[in-house]
K.L.:
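Got a structure here, written out as structure tokens. Questions coming.
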Amino acid sequence: VTDAPFAALLADVGRVRGVSATLVVGEDDGLIVRAALPAGMRAGAVAALAASLYRKARRSAGAAGFGEGGFMQLDAERGRVCAVGRAGLVLVAVADLRAPVGLVRVAMLRGRESLG
Amino acid sequence: VAWTAASGTARATAWAAAVAADPSHAGARRGLGFLHYRAGRLVQAEAELRAAAPADREAARGLERVRRELDGAGRAPAPPTAASDARALFVPLLGEDGDAALLLDADGLVIAGAFRDAAGRDVAEAIGAQLTGVSDDATRAMRHLDLGAWTTLSLETERAVVTLAPAPHDSVLLVAARADAPLGSVRRLVERVGAAAARWLAPA
């Protein structure tokens, strides 16, 4: 029952066109808390790497004195990984190039409040 | 003297801190130069040893050796500028107050550029230390997802948008722009800084 909010959160973000996977991951350990994934995805590795990237980007911004980290977007040739964090958790979305980034961003920032 | 990875990391941190406090610290620059050399980063080694050579005979000898190896490898050293010029490499491209750019090697050590926080402290090395291995993480994540090569990583923060991009020789570019900067102008800034970094690292 305690992870029901995460299920709703993942469903909300996953409804955006082009989003193929959504995960809630521990920022420090990279372990999956809850995920909605397509078959065959190596979710453990993706979760760990996404958490590591978010943690490194957030801490580097902290070292620069830029304040709290928000929406992160990793772009690649055939898609992107987006992430937002709060309270030691990171919400991750994997999307293809059709996904409207603005909508993904809004859904994830709205859902960030549910992380803790 | 045994040289372990741990002692190397500790020395690199100490030397980087010394250079941050005093960019003319020849001993620390020589140490960083030798660390780069041991890791096979000849271009970066040449830049550090060049900065130290006028005040340090050992660095001057190391510089000669690195330059011979660079010549042998067909790679030219960075343009003959002072270390302070490496820190100022991106200044002509940074239009807005608050813009900043850094070029970091795969270990998070600063190759070029500068970064001062709101209090005026040089925090480039501290930022770089947090980004050790970020390019490798991004590459591996994209491989697992079959999304191709990564092109940029951006993070929105309260006061800035921070963008990372891959650069030659496994280095990483970091560009910071004001949080309210238009996205298109940030992308153009990243492209310009990336082109400048590639020119600076390329063989002559």
Side-chain angles (χ1 to χ4, degrees), chain A residues 18-21 23 25 30 37-38 40-85 90 92-97 99 101-102 105-106 108-109 112, chain B residues 98 100-102 104 108 114-166 172 174-179 183 186-187 190:
Chain A
V19 173
S20 58
L23 308 89
V25 180
L37 306 166
M41 177 178 279
R42 297 182 63 181
V46 171
L49 291 165
S52 173
L53 285 166
Y54 187 81
R55 185 174 64 247
K56 288 175 179 178
R58 188 180 65 74
R59 289 182 179 174
S60 69
F66 288 151
E68 191 179 356
F71 182 72
M72 187 195 86
Q73 180 178 327
L74 172 60
D75 287 338
E77 293 169 313
R78 294 188 292 275
R80 55 180 55 96
V81 174
C82 303
V84 294
V90 184
V92 180
V94 179
D96 62 31
L97 292 178
V101 178
R105 177 180 178 276
V106 168
M108 294 183 73
L109 288 174
R112 180 189 196 189
Chain B
L102 287 176
L104 306 165
F115 209 112
R116 294 195 176 278
D117 67 10
R121 292 172 301 215
D122 185 346
V123 293
E125 299 289 349
I127 294 169
Q130 299 293 348
L131 291 172
T132 303
V134 71
S135 182
D136 189 45
D137 282 357
T139 299
R140 288 162 58 205
M142 295 302 95
R143 190 183 307 136
H144 283 299
L145 292 166
D146 193 26
L147 293 181
W150 74 284
T151 53
T152 59
L153 185 158
S154 62
L155 177 72
E156 299 173 4
T157 72
E158 291 171 296
R159 286 183 279 284
V161 177
V162 180
T163 302
L164 306 176
V172 173
L174 180 150
V175 174
R178 287 197 338 262
L183 186 59
V186 175
R187 285 187 177 164
V190 172

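Residue numbering restarts at 1 for every chain, and letters A, B, ... go by the order of the sequence lines.
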K.L.:
To the nearest 0.5 Å, what is the distance between CG (A/L74) and CG (B/L153)?
P.N.:
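CG of B/L153 is found 5.0 Å from CG of A/L74.
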K.L.:
Could you tell me whether B/R159 atom CZ has more than 12 heavy atoms of other residues or ligands within 6.0 Å of it?
P.N.:
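Enclosed: over 12 neighbouring heavy atoms sit under 6.0 Å from CZ of B/R159.
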K.L.:
Look at B/A138, B/A124, B/A118 and state which one has the largest set of heavy-atom pairs under 4.5 Å with chain A.
P.N.:
B/A138
K.L.:
Let me confirm one number: the CG-CG distance from B/D136 to A/L49, rounded to the nearest 0.5 Å.
P.N.:
8.5 Å
K.L.:
Locate the shortest heavy-atom distance separating A/A45 from B/H144; write the atom from each residue and the value.
P.N.:
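That closest heavy-atom pairing would be CB-NE2, 3.5 Å.
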K.L.:
What closest approach, in Å, do A/V81 and B/M142 show between heavy atoms, and which atom pair accounts for it?
P.N.:
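Of all heavy-atom pairs spanning A/V81 and B/M142, the closest is CG2-CE, 3.6 Å.
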K.L.:
Which bit of A/A50 is near chain B, if near means a heavy-atom gap under 4.5 Å: side chain, backbone, both or neither?
P.N.:
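Neither part.
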K.L.:
Side chain from CB out, backbone as N, CA, C, O: work out which of these in B/T132 comes under 4.5 Å of a heavy atom of chain A, or both, or neither.
P.N.:
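Just the backbone, heavy atoms under 4.5 Å.
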K.L.:
Kindly give the heavy-atom pair with the smallest separation between B/A141 and A/L53, and that separation in Å.
P.N.:
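Smallest interatomic distance, heavy atoms only, reads CB-CD1, 4.5 Å.
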K.L.:
Quick check on side-chain contact (heavy atoms from CB on, under 4.5 Å): which of B/I127, B/V134, B/T157, B/L155 does A/S60 satisfy it with?
P.N.:
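Exactly one candidate clears the test, B/I127.
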K.L.:
Can you tell which part of A/R80 gets under 4.5 Å to a heavy atom of chain B, answering side chain, backbone, both or neither?
P.N.:
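Backbone only.
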K.L.:
Do B/D146 and A/R78 have side-chain heavy atoms sitting under 4.5 Å apart?
P.N.:
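They are in contact (side-chain heavy atoms under 4.5 Å apart), so the answer is yes.
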K.L.:
Taking the side chain as C-beta and beyond, is there a heavy-atom pair between B/L131 and A/R59 under 4.5 Å?
P.N.:
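Of all side-chain heavy-atom pairs linking A/R59 with B/L131, none is under 4.5 Å.
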K.L.:
Give a yes or no on whether the backbone of B/A149 and the side-chain of A/E77 come within a donor-acceptor separation of less than 3.5 Å.
P.N.:
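Answer holds: yes.
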K.L.:
Where do B/E156 and A/R105 come nearest, in terms of heavy atoms and distance?
P.N.:
OE2-NE, 2.8 Å
K.L.:
Which residue out of B/V161, B/L145, B/D117 racks up the most heavy-atom pairs below 4.5 Å with chain A?
P.N.:
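Heavy-atom pairs under 4.5 Å are most numerous for B/L145.
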K.L.:
Check each atom of B/V162 against the heavy atoms of chain A and say whether the ones under 4.5 Å are side chain, backbone, both or neither.
P.N.:
side chain
K.L.:
Quick check for you: among B/L147, B/L174, B/T152, which has the greatest number of heavy-atom pairs under 4.5 Å with chain A?
P.N.:
B/L147
K.L.:
Where the side chain of B/T151 meets the backbone of A/D75, is there a donor-acceptor pair that is under 3.5 Å apart?
P.N.:
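Present.
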